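Start at 1 and go down the list; that is how both ligands and their atoms are numbered. Note that the structure is predicted; figures quoted are calculated from it, not measured.
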Amino acid sequence: MILFCFFCFCFTALLTVSSSLRILGSSLDYNCSEQRMVARREHAPIGPDWNPEHEEVGMDRHGLVPVMNVTWRIKADASIRTLNGSELNIVEENTNQSVCLQFSYSIKNLLNPNYSRWTFSLNEVVVEPGYTYMVSVFNLPQPEIGEYTIRKRITIPGCGDKRIQKVQLCLENGSLWEPNMSVLVNTKPKMLSIFVGFKATQYSQRYQVSIQNSGFFYSMNVSKENRTSLNVTFEFGLWQLSQCEMFITIQPFFIRCKNECLSHKETIDYCTYYPLQTLILGTILGLLVIGSCLACLLWRTFHKDPPNTSSSADKDQPEVFQLQQRKRVLIIYSLDHALYKNIILKLCAFLATKCGTEVVLDLLDSTRLGVLGSIQWLEWHKEQIENSSDKILILCSRGVQAKWRAMCGDKQVFLRQDACSFVGDMLTPSLSLLVPHFVRATSFRKYIVAYFDDVCSEEDIPSPFNVTVRYKLMKQFEEVFFRILDTEKHEPGRMKQIEGLSEDKYHQCPSGRALRDAIQAFHAYQQEHPRWFEDELMESSELEVEENSDGIYGSAKTSTNLTTYCALYHTIVMQSC
Ligand SMILES: *[C@@H]1O[C@H](CO)[C@@H](O)[C@H](O)[C@H]1NC(C)=O
Ligand SMILES: *[C@@H]1O[C@H](CO)[C@@H](O)[C@H](O)[C@H]1NC(C)=O
Ligand SMILES: *[C@@H]1O[C@H](CO)[C@@H](O)[C@H](O)[C@H]1NC(C)=O
Ligand SMILES: *[C@@H]1O[C@H](CO)[C@@H](O)[C@H](O)[C@H]1NC(C)=O
Ligand SMILES: *[C@@H]1O[C@H](CO)[C@@H](O)[C@H](O)[C@H]1NC(C)=O
Ligand SMILES: *[C@@H]1O[C@H](CO)[C@@H](O)[C@H](O)[C@H]1NC(C)=O
Ligand SMILES: *[C@@H]1O[C@H](CO)[C@@H](O)[C@H](O)[C@H]1NC(C)=O
Ligand SMILES: *[C@@H]1O[C@H](CO)[C@@H](O)[C@H](O)[C@H]1NC(C)=O
Ligand SMILES: *[C@@H]1O[C@H](CO)[C@@H](O)[C@H](O)[C@H]1NC(C)=O
Ligand SMILES: *[C@@H]1O[C@H](CO)[C@@H](O)[C@H](O)[C@H]1NC(C)=O
Ligand SMILES: *[C@@H]1O[C@H](CO)[C@@H](O)[C@H](O)[C@H]1NC(C)=O
Ligand SMILES: CC(=O)N[C@H]1CO[C@H](CO)[C@@H](O)[C@@H]1O
């Protein structure tokens with residue numbers, strides 16, 4: 001027989017300060033220290049033991065709070081006749097809050113009428129999730145010497161545990177909230193809208209929904225009011241996005257955890273929603289048709305101030321969020337050598353950290369490149385740039401000149417670094433896409449042609465770019481940066497300067513120093529290996545393997561039709577000169 005010692009017992013209780021550790025149904029707190037009901041005796045009962053089958057932790061019957069039941073058994077021993085009761089102590093380990101109860105009873109028979117051991121239980125001691133309690137029980141009276149106390153530690157699980165997660169306290173802490181977030185991505189021309197829907201819970205009135213990636217962070221607050229599900233929609237211009245991955249977070253504000261509640265996160269890859277663009281081919285053919293009027297446009301561009309395209313482009317930008325726009329620059333280059341690649345990467349780091357410019361580089365955008373493929377990737381960025389004040393920086397080098405000549409019918413070049421790179425040669429498709437665009441008067445301002453004069457020379461600049469300013473890096477880096485900013489360095493009556501970008505100062509910051517070291521390293525290598533470029537060229541025999549693999553030469557094929565364009569271009573240049 002189990003005797004439930006729940007409040008119907010005659011026990012001695014002393015009132016102390018209120019605490020969260022208490023016995024349900026009672027407003028009393030219990031403390032035995034003042035009154036020892038039974039003095040120590042020579043003939044004392046031996047200790048009790050725990051009932052191993054007993055579930056200790058659960059909810060109270062109203063489902064409001066977590067509770068603990070403590071159950072112990074009396075050993076069927078002759079000393080049972082001296083038994084006068086039991087004392088139970090529960091101490092919370094961190095705060096030493098305690099409850100102590102004395103139970104008074106006497107037993108004549110070794111076993112209860114059911115022929116099993118006498119069992120006592122204190123039910124529904126209110127406890128806190130995550131707290132640890134030391135529970136101890138001994139029988140009364142205690143022996144004169146020593147003690148027969150049994151002890152155990154009971155750790156109450158957190159709200160995540162099935163046994164207690166439904167208690168009010170845990171619900172108010174968000175333990176059962178499943179937002180069941182649904183995300184819908186909608187692509188419109190130049191726009192991306194992201195719908196986030198989720199289930200609200202009665203215990204949190206407010207929710208903060210945010211979306212972010214490395215470049216931006218937007219958030220919206222929504223109130224539940226009397227709805228059961230909520231939704232928010234974010235809208236972006238595609239130009240705002242530099243990474244495929246975005247993180248959506250729903251932060252609830254529950255009654256109990258307030259600002260520290262667990263948030264729910266989801267990652268989306270919007271690139272997978274982006275429809276494939278029409279192929280570059282159409283663009284090129286279209287441009288060839290326009291080609292007949294290129295000569296006069298080119299001529300005009302050459303002889304008057306570049307037109308201001310940025311003002312009209314700005315209008316196209318979505319105004320959903322007033323985000324201060326960072327200047328963005330797409331870098332076109334050739335992977336001539338591992339050391340040259342290092343220069344490019346260091347330049348990107350310098351542009352990003354020192355100049356606050358957003359850099360678009362194939363090597364750093366592998367996810368999107370993988371999704372879109374090289375042609376679509378370029379086409380996409382070109383479109384972005386056309387519709388904004390962003391710029392394209394063309395870095396000329398031996399490889400750029402060689403590949404341009406190959407496009408115009410010279411010997412094909414295949415560089416080792418291209419073969420190693422996951423995207424292959426990006427320069428050839430870039431040139432075939434950009435050169436026709438470049439010669440259009442309105443696009444003139446978008447292009448900045450430059451080369452590192454320590455490791456490249458003016459001869460490395462493909463002839464289409466002869467008509468424009470060709471900047472030497474890092475000597476004229478400041479001018480390049482002014483071009484990126486769309487500002488004139490020289491204005492009537494004054495000359496602007498930016499601190500720390502001049503040739504003798506740029507390496508004073510860590511990213512600038514890394515860039516200078518990279519340039520010097522390649523320069524030194526070139527001194528030692530005058531035939532470095534030839535060494536980087538791959539023989540056609542080495543290429544057999546690559547021919548079959550996709551990617552690299554797929555794009556080269558597109559460019560063969562540019563040969564027509566080369567011829568056309570040469571005639572234009574000659575006419576205009
Ligand atoms: C004795 O045990 C039976 C079955 O286990 C139970 O139904 C009954 O209530 C018990 N008797 C007492 C007095 O507890
Ligand atoms: C028990 O009560 C006495 C007097 O009320 C008090 O001095 C003592 O600190 C209490 N003990 C505990 C463990 O709360
Ligand atoms: C505690 O005892 C009560 C009364 O017998 C019972 O209803 C409840 O389920 C027990 N709780 C646990 C966690 O065993
Ligand atoms: C048990 O305690 C009561 C007082 O509560 C006392 O009268 C009685 O003698 C005690 N019995 C034994 C066996 O100690
Ligand atoms: C709790 O009691 C133990 C032993 O009595 C003591 O060592 C410890 O410092 C106490 N902790 C607090 C928080 O009072
Ligand atoms: C989540 O929502 C979907 C559809 O909106 C529904 O089919 C599913 O059962 C929901 N899941 C949960 C756990 O509510
Ligand atoms: C949303 O609520 C949070 C927390 O109260 C606050 O910090 C933030 O500024 C709010 N955001 C907006 C957009 O109102
Ligand atoms: C709650 O819903 C009722 C209709 O169901 C509507 O009349 C009331 O305005 C709503 N309250 C709030 C605070 O939105
Ligand atoms: C989004 O929430 C609005 C109310 O804020 C509601 O009218 C609309 O139906 C919801 N849309 C969806 C798709 O759930
Ligand atoms: C309530 O939620 C917060 C945040 O998830 C958690 O840190 C805390 O432990 C929870 N409280 C309980 C009692 O589980
Ligand atoms: C472009 O300039 C380079 C060197 O500055 C020169 O060798 C080449 O002939 C020029 N090309 C044209 C088409 O003018
Ligand atoms: C894809 C494409 O348009 N290829 C064309 C390239 O040019 C040759 C002749 O110049 C055409 O036959 C191809 O169709």
Would you say that [X] contacts [Y] through its side chain, given a criterion of any heavy-atom pair below 4.5 Å between the two side chains?
{"X": "V91", "Y": "Y133", "value": "no"}
{"X": "I385", "Y": "L330", "value": "yes"}
{"X": "Y105", "Y": "F120", "value": "yes"}

Exercise answer, ligand 7 polar atom pairs (N/O) under 3.5 angstrom:
unit_1   : atom_1 : unit_2 : atom_2 : d
ligand 7 : 2 (O)  : N221   : OD1    : 3.2
ligand 7 : 2 (O)  : N221   : ND2    : 2.4
ligand 7 : 5 (O)  : R206   : NH1    : 3.0
ligand 7 : 11 (N) : N221   : ND2    : 2.9
ligand 7 : 14 (O) : N221   : ND2    : 3.1

C159 heavy atoms, cut-off 4.0 Å: which ligand 10 atoms fall inside? 12 (C), 13 (C), 14 (O)

For L262, atoms of ligand 10 separated by under 4.0 Å from a heavy atom: 4 (C), 5 (O)

Centroid-centroid distance, F198 to Y207, less than 6.0 Å: yes

Apply the test side-chain contact (heavy atoms from CB on, under 4.5 Å) to residues I74 and N139: give CA-CA distance (whole Å), side-chain angles for both, the deciding distance (0.1 Å), then the verdict. CA-CA 9 Å; I74 304 299; N139 285 335; 3.8 Å; yes

Can E386 and K382 be counted as an ion pair, charged N to O under 4.0 angstrom? yes

Lys/Arg N to Asp/Glu carboxylate O, R117 vs D49, below 4.0 Å: yes

Atoms of ligand 9, numbered as shown, that sit under 4.0 Å from any heavy atom of [X]:
{"X": "N231", "result": "1 (C), 2 (O), 3 (C), 8 (C), 10 (C), 11 (N), 12 (C), 14 (O)"}
{"X": "F195", "result": "12 (C), 13 (C)"}
{"X": "R227", "result": "4 (C), 5 (O)"}

When you measure from the heavy atoms of P129 to every atom of ligand 10, does any distance fall below 4.0 Å? yes

Contact with ligand 10 for R256, non-hydrogen, under 4.0 angstrom: no

On the ring face of W50, is K152 found with NZ or CZ under 6.0 Å from the centre and within 45° of the axis? yes

Short question: side chain of R368, backbone of D362 - any donor-acceptor pair under 3.5 Å? no

Side-chain donor-acceptor contacts of residues 246-256 below 3.5 Å, not counting sequence neighbours, with atom names and distances?
unit_1 : atom_1 : unit_2 : atom_2 : d
Q251   : NE2    : C261   : O      : 2.8
R256   : NE     : E172   : OE1    : 3.0
R256   : NH2    : E172   : OE1    : 3.2

For ligand 10, note which part of E260 has a heavy atom under 4.0 Å away: side chain, backbone, both or neither. backbone

